[in-house]
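First up is the structure itself, then whatever we jot down about it.
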Amino acid sequence: MASVISYHLLNPLSKSQSLALMKNMAALHLFKPLLLRKFFFTNNRKTIRFLSSSSSSTSKTIGHCEDDNKFRRLWLYNTMSKEKELFKPKVDGKVGMYVCGVTAYDLSHIGHARVYVSFDVLFRYLRFMGYEVNYVRNFTDVDDKIIARAVQLGEDPISLSRRFCEEFHKDMGYLHCLPPTVEPRVSDHMPQIIDMIKQILENGRAYRIEGDVYFSVDEFPQYGRLSGRKLEDNRAGERVAVDSRKKNPADFALWKSAKEGEPSWESPWGAGRPGWHIECSAMSAAYLGYSFDIHGGGMDLIFPHHENEIAQSCAACDKSNISYWIHNGFVTIDSQKMSKSLGNFFTIRQVIELYHPLALRLFLIGTHYRSPINYSDVHLESASDRAYYIYQTLQDCEEVVGQKDGSSPKENIPPEIHDCIQTFNDVFITSMSEDLHSPVVLSAISDPLKTANDLLHTRKGKKQAARIQSLAALKKSIRNVLEILGLMPASYHEVLQQLREFALKRAKLTEDQVVKKINERNVARKNKEYEQSDAIRKDLAALGIALMDSPEGTTWRPAVPLAMEEQCS
């Protein structure tokens, strides 16, 4: 079974497909069969159960598992080995993770959103597994791009960068990304950077040219092992001007001498500032040591940034070792990578002007994190429609069952409800532990949602024994998974209202205008002017407003505009 298949959230797994998926993975010895009883995952007397823990830095809660026998299995694709590996932290029960942050000179685009949502899911899942995670994500606030933008705007570079760091924090809050443990900035870590450069020079892996210091790639034979690229493939001029003084064109700057009008710091080599790559080596070592578990970022950082990080860190300390290099795929537009340098990007703010941030997050994790994801309004509409369905179902459940969570062992839930919950939670554990296959989980959630809606709205479902207990158990199972994926809103009512407001904005309509159309349609129906009635419904559907008739009257909900429906199928 191909391990890199992307499962789209709009192609839900059937119960038989879900079971087949687990059997295939078990046959590959990826996981032992998991049996679930009342939210307990049991395997050879090893028990994992869902709990809820509060975060001191956020009002949200995320799930984690209690694991008395330390039963943890997570397979992650390692860019270094080019294969999936069973995750084993260097220190039992603890994980050190460093993710390269943004260069803060502008608002972040959705390519950035994908990076940090992807690693937020990993962060959350590691915590769910019971690990204590030291998550370090830096800010680059000293860089050529920052200086150029500051000159353009007539602003101090450090001040400009600080402003965009705060804007980045807002974007991460919108996307429900938990704050990392530490967020170091380059400007605050000059002593650590200078000390590392001194060590690299002392070890004979770098050289000085006037006030500049360059790393000598010829002194590091392992250079290129992460990317598999040859030295001649190095991109000369990446973030810096080409310097003919270098011994090898692939050599890169560790320290750059000061230029007039630019921020600089004193060093043993004169006033200047660090090169781009050294900052991450120095800051990761400062907070995680030279040997830690996970280093992550977008695929564009594999070469040269992460390749250079490895060279620097190993040159400074021969015991430097990072166990897992993890990289997410690009966001593309018309199959071309989205980036600021190419000018084909949408900022997060531009997207969430028209779409709910949770719909954007749902879109981003609806494709496997290592696969490319193509941005389009069609996909955002589809994610918005899916989000509305999920939260409406949960709100309906809550209105029927209240705050009851279905955890009492005395509840007599029918076998078919047990089976539905068991299958869903098995797929969740199996899929997420198989290199974070969140799309499979989002597909599998269709079954408990459908089951809940049958109990809520069908004549047969309303008569089913233990209906309230069943709804409570289904609601709890869905909530637990959404919390771990970072998709739980503070309020169902609030998020549903916001999704409606976004739909109206995209349709360029007001609530009053929609109500007026509904009233016009009611009059047409009363007068048996069915052609006019159908035309009103169709006109609204074309704008993404779906009308729903019931004995209580006609209401509306957001929907994928008619013209886009075929593209979504």
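Using cut-offs of 30° and 60° for the angle between ring planes, the Phe428 and Tyr125 rings count as perpendicular. Ring planes of Tyr375 and Phe363: perpendicular class, angle over 60° (limits at 30 and 60°).
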Before you tell me yes or no, could you show the steps for Cys177 and Arg361 under side-chain contact (heavy atoms from CB on, under 4.5 Å), namely the whole-Å CA-CA distance, both residues' side-chain angles and the distance that decides it to 0.1 Å? CA-CA 9 Å; Cys177 290; Arg361 184 177 177 107; 3.8 Å; yes
Please lay out, stage by stage, how Arg557 and Asp385 fare under the test side-chain contact (heavy atoms from CB on, under 4.5 Å). CA-CA 9 Å; Arg557 59 149 289 173; Asp385 186 61; 2.5 Å; yes
Evaluate Val133 against Thr181 for side-chain contact (heavy atoms from CB on, under 4.5 Å), listing each step before the verdict. CA-CA 8 Å; Val133 186; Thr181 314; 5.7 Å; no
Run the side-chain contact (heavy atoms from CB on, under 4.5 Å) check on Ile294 and Leu122 step by step: do they pass? CA-CA 10 Å; Ile294 296 171; Leu122 175 56; 4.2 Å; yes
Between His368 and Tyr77, is a ring pair (Phe, Tyr, Trp, His ring centres under 6.0 Å) present by the stated rule, with each step listed? CA-CA 12 Å; His368 187 253; Tyr77 184 86; 9.1 Å; no
Set out, in order, the CA-CA distance, both residues' side-chain angles and the distance that settles side-chain hydrogen bond (donor to acceptor under 3.5 Å, both in side chains) for Thr554 and Asp549, then state yes or no. CA-CA 4 Å; Thr554 301; Asp549 298 321; 2.6 Å; yes
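Of all heavy-atom pairs between Ala387 and Leu362, the closest is N-CD2, 3.8 Å. Across Phe119 and Gly296, no two heavy atoms sit closer than the pair CZ-CA, 3.5 Å. Closest approach of Met299 and Gly329 over heavy atoms only: SD-CA, 3.9 Å. The two atoms that bring Tyr116 and Cys100 nearest to each other are OH-O, 2.8 Å, heavy atoms only. Taking each heavy atom of Leu482 and Ile445 in turn, the nearest pair found is CD2-CD1, 4.0 Å. In this structure, Pro372 and Thr332 approach most closely via the heavy-atom pair CB-CG2, 4.5 Å.
Applying the 6.0 Å contact sphere to NE2 of His457 captures more than 12 heavy atoms from other residues, nucleotides or ligands. Within 6.0 Å of atom OH in Tyr389, more than 12 heavy atoms from other residues, nucleotides or ligands are found, so the atom counts as buried in its surroundings. Within 6.0 Å of CD on Glu531 lie no more than 12 heavy atoms contributed by other residues, nucleotides or ligands.
To the nearest 0.5 Å, atom OG of residue Ser491 and atom CD of residue Gln395 are 7.5 Å apart. Remark: Asn138 CG to Arg185 CZ distance equals 11.0 Å, nearest 0.5 Å. In this structure, CG in Leu360 is found 10.0 Å from CG in Asp171, a value given to the nearest 0.5 Å. Atom-to-atom distance recorded for Leu562:CG and Leu543:CG is 9.0 Å, nearest 0.5 angstrom. Rounded to the nearest 0.5 angstrom, Arg521 CZ and Asp539 CG are separated by 12.0 Å. To the nearest 0.5 Å, atom CG of residue Leu449 and atom NZ of residue Lys475 are 14.0 Å apart.
With Thr79 as the fixed residue, the side-chain hydrogen bond (donor to acceptor under 3.5 Å, both in side chains) test singles out one of His306, His327, His295: His327. Each of Asp141, Asp156, Asp106, Asp144 was scored for a salt bridge (charged side-chain N to carboxylate O under 4.0 Å, His left out) with Arg149, with one residue passing: Asp106.
Among residue pairs with one or both ends in residues 502-514, those qualifying as salt bridge (charged side-chain N to carboxylate O under 4.0 Å, His left out) are Glu353-Lys505, Glu381-Arg506, Arg500-Glu511; sequence neighbours excluded.
For the residue pair Tyr492/Asp396, the side-chain donor-acceptor check at 3.5 Å is not satisfied. No side-chain donor-acceptor contact under 3.5 Å links Thr423 and Asp447. At a cut-off of 3.5 Å, with distance as the only test, no side-chain donor of Asp143 or Thr103 sits close to an acceptor on the other residue. Donor-acceptor pairing under 3.5 Å is lacking for the side chains of His109 and Gln350. In the model, Ser382 has no side-chain atom that pairs as donor or acceptor with a side-chain atom of His379 under 3.5 Å.
The pair Asp534-Arg525 fails the salt-bridge criterion, with no side-chain N (NZ, NE, NH1 or NH2) lying under 4.0 Å from an Asp/Glu carboxylate O. Using a 4.0 Å cut-off between a side-chain N of Lys or Arg and a carboxylate O of Asp or Glu, Arg124 and Glu483 do not qualify as a salt bridge. Salt bridge absent: Asp120 and Arg137 never bring a charged side-chain N and a carboxylate O closer than 4.0 Å.
Within the cation-pi definition used here (under 6.0 Å to the ring centroid, within 45° of the axis), Arg127 qualifies as a partner of Phe123. Judged by a 6.0 Å distance limit and a 45° cone about the ring axis, Arg114 is not positioned over the six-membered ring of Tyr369.
In this structure, the side chain of Ser161 does not engage the main chain of Pro157 through any donor-acceptor pair within 3.5 Å. The backbone N or O of Val427 sits nowhere less than 3.5 Å from a side-chain atom of Thr430 that would complete a donor-acceptor pair. The closest donor-acceptor contact from the side chain of Arg537 to the backbone of Ile518 lies at 3.5 Å or more, if one exists at all. Not one N or O on the side chain of Ser371 forms a donor-acceptor pair closer than 3.5 Å with the backbone of Thr367. His356 places a side-chain N or O within 3.5 Å of a backbone atom of Leu358 that can act as its donor or acceptor partner. Side-chain atoms of Ser533 do not come within 3.5 Å of backbone N or O of Glu529 as any donor-acceptor pair.
Taking the side chain as every heavy atom from C-beta outward, Pro414 and Ser470 approach each other to under 4.5 Å. The closest side-chain heavy-atom distance from Lys517 to Trp556 is not below 4.5 Å. Counting heavy atoms from C-beta outward, Ser384 and Phe502 have side chains that stay 4.5 Å or more apart. In this structure, the side chains of Met172 and His169 stay at 4.5 Å or more apart for every pair of heavy atoms. In this structure the side chain of Phe424 never reaches within 4.5 angstrom of the side chain of Leu474, judged on heavy atoms. Considering only heavy atoms from C-beta on, Pro489 stays 4.5 Å or farther from Glu494 through its side chain. Within the 4.5 Å cutoff, the side chain of Leu442 has heavy atoms near those of the Leu487 side chain. By the 4.5 Å heavy-atom criterion applied to side chains, Leu456 and Cys397 are counted as neighbours.
Residues satisfying the side chain to side chain donor-acceptor pair (under 3.5 Å) criterion with Arg162, sequence neighbours excluded, are absent altogether. Listed by chain and number, the residues in a side chain to side chain donor-acceptor pair (under 3.5 Å) with Lys450 are Asp454 (sequence neighbours excluded).
Between His112 and Phe345, the gap from one ring centroid to the other reaches at least 6.0 Å.
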